[in-house]
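What follows is one structure encoded as structure tokens, with my remarks underneath.
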Amino acid sequence: MTLELRRIAGAPLAQTLTVRGHRLVVDGTVAEDGDDTGPNPHDLYDAALGACKALTVLWYARRKGMAVDDVHTVIDRDASAERSGTYRLAARLQVSGDLTDAQIAELEAVAAKCPVHKLMTSVTTEITTALERMP
């Protein structure tokens with residue numbers, strides 16, 4: 001799969017991100033010299049974790065026949081030590097539905113194993129970067 005970003009004309013930083021036909025504006029905050037017309041890259045990173053946890057809980061509950069009506073996910077970021085090598089994310093999921101305490105515990109364990117959580121914590125990611133002139 002390929003993601004594509006293209007600069008928005010006239011914007012200092014803003015890019016249009018295209019993923020499988022979906023479009024989203026990515027921008028820097030005003031403090032980063034952007035116009036804050038969309039989430040910044042850190043926001044997208046954090047949001048990927050929250051979305052993955054929510055979707056994983058909903059998927060698992062449906063497969064197991066658990067009565068989950070809704071999931072509300074909040075990700076809190078602490079980037080205060082990022083420059084020294086520690087980036088902290090705290091995920092809090094609230095679920096509604098007719099669930100036992102055992103099912104809540106099971107869903108919490110499943111949320112802790114979502115694919116993006118694993119990517120962020122236990123997979124080696126290799127990144128290559130090429131910079132080319134535009135044709």
### Query
Is the backbone of Asp36 close enough, under 3.5 Å, to the side chain of Thr29 for a donor and an acceptor to pair up by distance?
no
### For Gly28 against Asn40, the heavy-atom pair lying closest together
CA-CB, 4.3 Å
### Query
Between atom CD of Glu106 and atom NZ of Lys64, what is the distance when rounded to the nearest 0.5 Å?
6.5 Å
### Task
Return yes if a side-chain donor-acceptor contact under 3.5 Å exists between Thr37 and Asp35, otherwise no.
no
### Query
Looking at Asp69 and Gly97, what are the two nearest heavy atoms and their distance?
OD2-CA, 3.4 Å
### Message
Main chain of Lys118, side chain of Ser122: is a donor-acceptor contact present, judged purely on distance under 3.5 Å?
### Response
yes
### Query
Could Asp43 and Arg77 be called an ion pair, given the rule that one side-chain N must be under 4.0 Å from one carboxylate O?
yes
#### Entry: Step-by-step side-chain contact (heavy atoms from CB on, under 4.5 Å) determination, Thr16 to Leu5
CA-CA 5 Å; Thr16 300; Leu5 290 115; over 6 Å; no
### Query
Checking side chain to side chain contact (heavy atoms under 4.5 Å, CB included) against Cys52, which of Val116, Thr73, Val57 comes through?
Val116
### Task
Quick one: closest heavy-atom pair of Ala81 and Arg88, and the distance?
CB-NH1, 4.0 Å
### Query
Which atom names give the shortest non-hydrogen contact between Met120 and Tyr45, and what distance separates them?
CE-O, 3.2 Å
### Query
Are the side chain of Arg62 and the backbone N or O of Met66 linked by a donor-acceptor pair below 3.5 Å?
no
### Task
Please round to the nearest 0.5 Å and tell me the distance separating atom CG of Asp46 and atom CG of Leu89.
4.5 Å
### Task
To the nearest 0.5 Å, tell me how far Leu3 CG sits from Leu24 CG.
11.0 Å
#### Entry: same_hphob_cluster(Val26, Met1) at 4.5 Å side-chain heavy-atom cutoff
yes
#### Entry: Common cluster, Leu55/Val71, ILVMFWY with side-chain heavy-atom separation under 4.5 Å
no
### Query
Are Ile75 and Leu119 connected in the hydrophobic side-chain network, where two residues link if heavy atoms are under 4.5 Å apart?
no
## Note on the structure
Thr18 and Arg23 have their tightest heavy-atom pair at OG1-CG, 4.0 Å
### Message
Working to the nearest 0.5 angstrom, can you tell me the gap between Leu99 CG and Ile104 CD1?
### Response
4.5 Å
### Criterion side-chain contact (heavy atoms from CB on, under 4.5 Å) on Leu17 and Glu4, from CA distance to verdict
CA-CA 6 Å; Leu17 166 63; Glu4 187 172 310; over 6 Å; no
#### Entry: Exercise: do Asp27 and Gln15 side chains pair donor with acceptor under 3.5 Å
no
### Query
Quick one: does Ile8's side chain get under 4.5 Å of Val25's, heavy atoms only?
yes
#### Entry: Rounded distance [0.5 Å steps], OG1 in Thr56 versus CG in Leu58
9.0 Å
### Task
From the options Lys53, Glu108, His72, select the one residue that forms a side chain to side chain contact (heavy atoms under 4.5 Å, CB included) with Leu93.
Lys53
### Query
Should the heavy atoms of other residues, nucleotides or ligands under 6.0 Å from CG of Asp98 be counted, would the total exceed 12?
no
### Query
What residue pairs, at least two apart or across chains, pass ring-ring contact (aromatic ring centres under 6.0 Å, His included) with a residue in residues 10-44?
His42-Tyr87
### Query
In Å and rounded to the nearest 0.5 Å, what is the CG to CG distance from Asp33 to Leu13?
6.5 Å
